[in-house]
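Residue numbering restarts at 1 for every chain, and letters A, B, ... go by the order of the sequence lines.
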2 protein chains.
Amino acid sequence: MDLETVKSKLHAMNFRLTQEREWVLRVFMESGEMFTAMQLYDRVKEQYNKVGLTTVYRLFEVLTKLRLVTPFLIDGEIYYTFCSGGHHHHFVCLDCHRVKNIYGCEMDTRDFSEIGKIEYHRMDLFGHCENCQGSVPSC
Amino acid sequence: MDLETVKSKLHAMNFRLTQEREWVLRVFMESGEMFTAMQLYDRVKEQYNKVGLTTVYRLFEVLTKLRLVTPFLIDGEIYYTFCSGGHHHHFVCLDCHRVKNIYGCEMDTRDFSEIGKIEYHRMDLFGHCENCQGSVPSC
DNA sequence: GCCTTATAGAAAAACATTTTCTATAAGCGT
DNA sequence: ACGCTTATAGAAAATGTTTTTCTATAAGGC
Ligand SMILES: [Mn+2]
Ligand SMILES: [Mn+2]
Ligand SMILES: [Zn+2]
Ligand SMILES: [Zn+2]
């Protein structure tokens, strides 16, 4: 998904795409990583300008409403990754926190009717990506 | 898993089973629910005696080391559920927060070698349990 | 351009979690 | 059963994170 599409989705819910949100979104969407609020704040500061940490928190909140982020709890910390498109699952590198989407869901074929009425599900794989499998963790 | 087994696991790691931990563990293990630290603290207070909130936090920490809890992030809150035994997945009722274990994993049959080296995975279903499907949410 | 109002960001407040400190009791050895 | 060692309880303080408040600003519609 590109920034223009996000802009449309923002406008559809009466949110605005400010200069600051654009900076944060660029870093966030292009990274392929997941971030805590503080980590994304730091990264934006490096690549663009300083923005308020509050702005990052508020963007996560807005993107949550637009269902454009997925939160992960890792070691007690909340990480967010940009997520768009149809149903998919995730592989998360425990070293570099890069995220890969996994398509093709086998859950739909199973019957869980006696367990309860399923609203949604998540499937997350954790491990080490190719870049991080060398003797020296590179990323 | 029963309390005696947990006691053994505690002792194996040089932890102690105190009276307070036993109270908390009884509520936690027998509930089939997941709790935030504060929720479990309140529940123990109702059913047994008042214990320190710190004690609950420390028990979650200890049980994490023993791999006897699984954390869930729901609406920005961290919930823990007692988890023992072999590999399994979960169904979580969004209404009453009861948790059901799901056995039989289809992930092992799939090949993710080109994605990365998988350490572990999680699969969680969210929805409404039988008790909570009536017009009046009962639990 | 003008107007309305959502948003930025600093500061404060609220909240969750961890640490510190001293008294206590769990578990072990005798 | 008794005594010893040390992990733990719990209150209080500290820490770290997230939210709220407030005023100036700028996004977006007309
Ligand atoms: Mn995704
Ligand atoms: Mn379980
Ligand atoms: Zn990696
Ligand atoms: Zn239920």
Open item on the list: Main chain of A/Met1, side chain of A/Thr5: is a donor-acceptor contact present, judged purely on distance under 3.5 Å?
Closed with: no
TODO: Please name all residues satisfying side chain to side chain donor-acceptor pair (under 3.5 Å) with A/His90, sequence neighbours left out, ordered by chain then number.
DONE: A/His88, A/Asn101
Open item on the list: Counting only heavy atoms from other residues, nucleotides and ligands, does the tally under 6.0 Å from CG of A/Asp75 exceed 12?
Closed with: no
Open item on the list: I'd like to check the side chain to side chain donor-acceptor pair (under 3.5 Å) partners of A/His11; sequence neighbours left out, ordered by chain and number.
Closed with: none
Open item on the list: Tell me the bend of the helix from C/dG1-D/dC30 to C/dT30-D/dA1 as the angle between end helix axes, each from five pairs, rounded to the nearest 10 degrees.
Closed with: 60°
TODO: For B/Ser8, check side chain to side chain donor-acceptor pair (under 3.5 Å) against everything at least two apart and list the hits.
DONE: none
- [ ] Tell me, please, which residues at least two apart from B/Glu77 pass side chain to side chain donor-acceptor pair (under 3.5 Å).
- [x] none
Open item on the list: Is there a continuous path of hydrophobic side-chain contacts, each under 4.5 Å between heavy atoms, that joins A/Met34 to A/Met29?
Closed with: no
Task: With A/Arg16 via salt bridge (charged side-chain N to carboxylate O under 4.0 Å, His left out) - residues at least two apart - done: none
Open item on the list: Without decimals, in angstroms, what is the distance between A/Leu73 CG and D/dT17 C1'?
Closed with: 14 Å
Open item on the list: Under the rule for salt bridge (charged side-chain N to carboxylate O under 4.0 Å, His left out), what residues qualify as partners of B/Lys117, not counting sequence neighbours?
Closed with: B/Glu119
Open item on the list: Please enumerate all residues that pass salt bridge (charged side-chain N to carboxylate O under 4.0 Å, His left out) together with A/Lys50, with sequence neighbours excluded.
Closed with: none
Task: Residue list, salt bridge (charged side-chain N to carboxylate O under 4.0 Å, His left out) with B/Glu22, at least two apart or on another chain - done: B/Arg26
- [ ] Mark yes or no: A/Arg43 above the aromatic ring of A/Phe28, with NZ or CZ under 6.0 Å from the six-membered ring centre and no more than 45 degrees from the axis.
- [x] no
Between the protein and nucleotides 28-30 of chain D, list every N/O to N/O distance that falls short of 3.5 Å.
from, atom 1, to, atom 2, distance (Å)
D/dG28, OP1, A/His11, NE2, 2.7
D/dG28, OP1, A/Leu17, N, 2.9

Task: Nucleotide interval of DNA chain C bounded by contacts with chain B (heavy-atom cut-off, under 4.0 Å) - done: C/dA16 to C/dG27
Open item on the list: Taking the side chain as everything from C-beta on, heavy atoms only, tell me whether B/Met13 gets closer than 4.5 Å to B/Leu66.
Closed with: yes
Open item on the list: Tell me which residues in residues 43-60 of chain B lie within less than 4.0 Å of DNA chain C, going by non-hydrogen atoms.
Closed with: B/Thr54, B/Tyr57, B/Arg58
- [ ] Specify the residue among B/Met38 and B/Gln19 whose closest nucleotide of DNA chain C lies further upstream toward the 5′ end.
- [x] B/Met38
Task: Rounded distance in Å - CD (A/Gln39) to C1' (D/dT17) - done: 13 Å
